[in-house]
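See below for the structure under consideration.
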Number of protein chains: 2
Amino acid sequence: MRPTVHDLAQSAGVSLATVDRVLNNRPGVKASTRSRVEEAIARIGFVRDVAAANLAKGRIYPLTFVVPSGDNSFMVSLRHQIEEAKTRSIAERTEIVMVEVPAFDAEALVAALRALRNDPPAGVAVVAVDTEEVRRELLALKASGVAIVTLVSDLEGFDRDHFAGVDNLAAGRTAGSLMARFLAGKTGRIGVIAGSMLVRDHQDRLIGFRERLAEINPSLVILPAEECHDDPHRVDAAARRLLAEAEGLVGIYNLGAGNRGLIAALSLMPSGPRPVAIAHELTDHTRAALEGGVIDVILNQDAGHEVRAAIRVMKAKSDGTPVIAAQERIRIDIFLKDNLP
Amino acid sequence: MRPTVHDLAQSAGVSLATVDRVLNNRPGVKASTRSRVEEAIARIGFVRDVAAANLAKGRIYPLTFVVPSGDNSFMVSLRHQIEEAKTRSIAERTEIVMVEVPAFDAEALVAALRALRNDPPAGVAVVAVDTEEVRRELLALKASGVAIVTLVSDLEGFDRDHFAGVDNLAAGRTAGSLMARFLAGKTGRIGVIAGSMLVRDHQDRLIGFRERLAEINPSLVILPAEECHDDPHRVDAAARRLLAEAEGLVGIYNLGAGNRGLIAALSLMPSGPRPVAIAHELTDHTRAALEGGVIDVILNQDAGHEVRAAIRVMKAKSDGTPVIAAQERIRIDIFLKDNLP
DNA sequence: CTGTTAGCGCTTTCAA
DNA sequence: TTGAAAGCGCTAACAG
């Protein structure tokens, strides 16, 4: 039988209450008594039963997700996954609140975070815009004991508890590799469509893409990125322009959202060889485009995994429990039409 | 406050014991009383607290993994992950036993499974060889209430509770796609190395690979698969033969284990264009080969994920709790040197 | 067939 | 600074 608090109390020659005080390092224990208990813990190999502790405490984990509003497919799916997680709240002892703020709006984000100060949750998961103010606000929360998880987009050099998202530089490099390999030495122009170069993820993807493409096949000409703000209409227009104007457009990479526009433009092309098309995020639209051969590769981050990982990490951090690092790492999924889930 | 058994008992006008009986559908409750309680459950929205139940029951989940012995890197890593899981046993209330049986040895497997009959665990996860006897043995365990999870390799049409592994037909198709796309219309010969054509996984991979390659570029000639029984030395020899003999060997696919042999053979090639090389399972060796450009693509199944999924599913099945399907699905990971974890 | 009562391992008043 | 005792939500004897 694994030792319990009773065994521990007996073994240390103190009462249950004292054991509990030491275990939860609460004040009011003489240093000598404390060390006597700690010694006993080591001696009998006591490991505290978190489930029992949570039961006794009636503990639930109040967790807040702060995410962008708007109808970008990926964010829609992220929010959907948060709703799904709410479904599991009773079983997982969580109480999840989702706060939506306008995308790319630092002030709104700051306000939302500040509002959490009054009644701080156990953890905050946030799709962060990177400004000084945002960092300050998150730091303040962290200082008051809130576990901070950055979601999807990380804050460079910021001491969050965890990042639940992918390495976008690596994602860009992966796109570059696949583009170059699929073109196998061919030369020509590559069109790039981005959301906004003000967002870190997109910057990183572009940098990685260019780097890798240049490494493998420097003869390819990468056209300047078209910023379409994740808007399908603008993506559509930009893609048409690229396809019509660029002589020898052999590849096209949409590193942002708005794939519906890309798919529409590609689908309208006259038959004949299509450029290699690579985009991000698996949605109903991109899945259909992959299956139909309109898009060749989809790079994906699993929103469900991100949300579940964020929750597990916030809970773990909030009670000092270890996390399984490999489990919480978010992969850069590469989907061809052949390995769709 | 969420309703408890007390509320339920009161609301149904019965005692705690009766509530408990219907909750765990134990016998000895009049049908009318039972329905009265069930009604109350629905009325007040009672959801049972599994953690508290487990505490009261002192419940632990005895789980048995039956896996092949031998030094194939993937199986080594699978066993390592099982050991890792043991590490978490106290927290997860599991008691994990790992039984090793010689690879591909149906009789030994049957014997190992039969031995579980005396004291059946809550769940069995097994890397199964597909024979009638094995199926019969697993069915018998299932009939006595044991949750059955097939690991890595599934049993076609068998009613297991879950399969924790990848779709190998899809994996083969993915390999075929990548091979064809990387070769971009080039013609030539493709060498294939397999472990054993008696194993379902390998059959499936080969079928998928051929199919897909033929669809995309029928001019490629796929050489007959060399069966090397996952042995690095034999793989090495086979690869050398292929590289030396085959005029215009443009690609090589190892769908089995023994990648050390493949890597050795490729590394010894005179400089000049190498064939596109695709293999399975990310290990220290294949990682280094990817990084060094010796291998182009590694398809992977995450052994850690498989083990964790198997455990979660066995626990869930064993107490009738739902599983999060998307979380337990094992992906076909595609690794290039750019997106290594 | 149904109910009473004493726990599971830990926390939390309330006294001392 | 310490301890005794009641209780978290559920289960399990043991009586009736």
Side-chain angles (χ1 to χ4, degrees), chain A residues 1-38 40-41 44-61 89-95 122 318-321, chain B residues 1-38 40-41 44-61 89-95 122 318-321:
Chain A
M1 276 311 287
R2 118 178 209 221
T4 74
V5 275
H6 291 93
D7 305 326
L8 182 51
Q10 179 149 45
S11 181
V14 297
S15 76
L16 279 186
T18 300
V19 160
D20 186 67
R21 287 185 189 104
V22 174
L23 248 33
N24 297 285
N25 44 21
R26 271 190 274 269
V29 184
K30 223 192 320 180
S32 64
T33 314
R34 170 157 311 219
S35 53
R36 203 139 48 85
V37 174
E38 276 157 357
I41 290 177
I44 67 175
F46 172 82
V47 184
R48 168 230 220 108
D49 182 332
V50 188
N54 283 344
L55 173 59
K57 286 201 254 221
R59 159 139 222 194
I60 49 149
Y61 300 81
S89 275
I90 10 75
E92 300 181 350
R93 301 188 101 82
T94 57
E95 189 184 340
S318 143
D319 45 42
T321 292
Chain B
M1 275 314 284
R2 131 179 199 215
T4 75
V5 275
H6 291 93
D7 306 325
L8 183 51
Q10 176 148 47
S11 182
V14 297
S15 75
L16 276 186
T18 301
V19 158
D20 186 66
R21 287 184 189 104
V22 328
L23 246 35
N24 296 285
N25 45 18
R26 271 189 274 268
V29 184
K30 222 194 323 182
S32 64
T33 314
R34 170 157 311 219
S35 53
R36 204 138 50 84
V37 175
E38 276 158 357
I41 291 177
I44 69 175
F46 172 83
V47 184
R48 169 230 220 107
D49 183 332
V50 187
N54 283 345
L55 173 58
K57 286 202 258 225
R59 158 139 223 194
I60 50 151
Y61 300 82
S89 276
I90 10 73
E92 300 180 350
R93 301 189 101 81
T94 56
E95 188 184 342
S318 142
D319 45 43
T321 292

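In the text below, chain A, chain B and the rest are named by the order of the sequence lines, each starting its count at 1. These numbers come from a predicted model, not from an experiment. Both backbone and side-chain heavy atoms feed into the values below; hydrogens, waters and symmetry mates do not.
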On DNA chain C, nearest-nucleotide positions of B:R34 versus B:R93: which is more 5'? B:R34

Taking the nucleotide of DNA chain D with the closest heavy atom to each, which residue, A:S32 or A:A52, is nearer the 5' end? A:S32

Write down the protein N/O and nucleotide N/O pairs, taken from nucleotides 12-16 of chain D, whose separation is under 3.5 Å; answer none if there are no such pairs.
residue	atom	partner	partner atom	Å
D:dA12	OP2	B:R26	NH1	3.2
D:dA12	OP2	B:R26	NH2	3.4

Can you measure from CZ (B:R48) to CG (B:N24) and round to the nearest 0.5 angstrom? 4.5 Å

Can you tell me if the side-chain N/O atoms of A:T33 get under 4.0 Å from OP1 or OP2 in D:dT2? yes

Please assess A:S318 against A:R59 for the test side chain to side chain donor-acceptor pair (under 3.5 Å), listing each intermediate value before the final yes or no. CA-CA 11 Å; A:S318 143; A:R59 159 139 222 194; 2.8 Å; yes

Check every strand shown and say whether B:V5 touches a base, only sugar-phosphate, or nothing at a heavy-atom separation below 4.0 Å. base

For the atom pair CG (B:L55) and CG (B:D49), what is the distance rounded to the nearest 0.5 Å? 9.5 Å

Minimum heavy-atom distance between A:L8 and A:I44, given as atom pair plus value: CA-CD1, 3.8 Å

Which residue lies toward the 5' end of DNA chain C, A:H6 or B:V29, if each is placed at its nearest nucleotide? B:V29

Are A:T18 and D:dG3 close enough that a side-chain N or O sits under 4.0 Å from OP1 or OP2? yes

With a 4.0 Å cut-off on heavy atoms, is A:V19 in touch with a base, just the backbone sugar-phosphate, or nothing at all? nothing

Describe the nucleic acid contact of A:G58 in one word from base, sugar-phosphate, nothing, applying a heavy-atom distance below 4.0 Å. nothing

Could you check if a side-chain atom of B:N54 sits within less than 4.5 angstrom of a side-chain atom of B:Y61, using non-hydrogen atoms only? yes

D:dG3 phosphate, OP1 or OP2: any side-chain N/O from A:S15 under 4.0 angstrom? yes

C:dT11 OP1/OP2 closer than 4.0 Å to side-chain N/O of A:R48: yes

Measure the CG-CZ distance between A:L16 and A:R21 for me, rounded to the nearest 0.5 Å. 10.5 Å

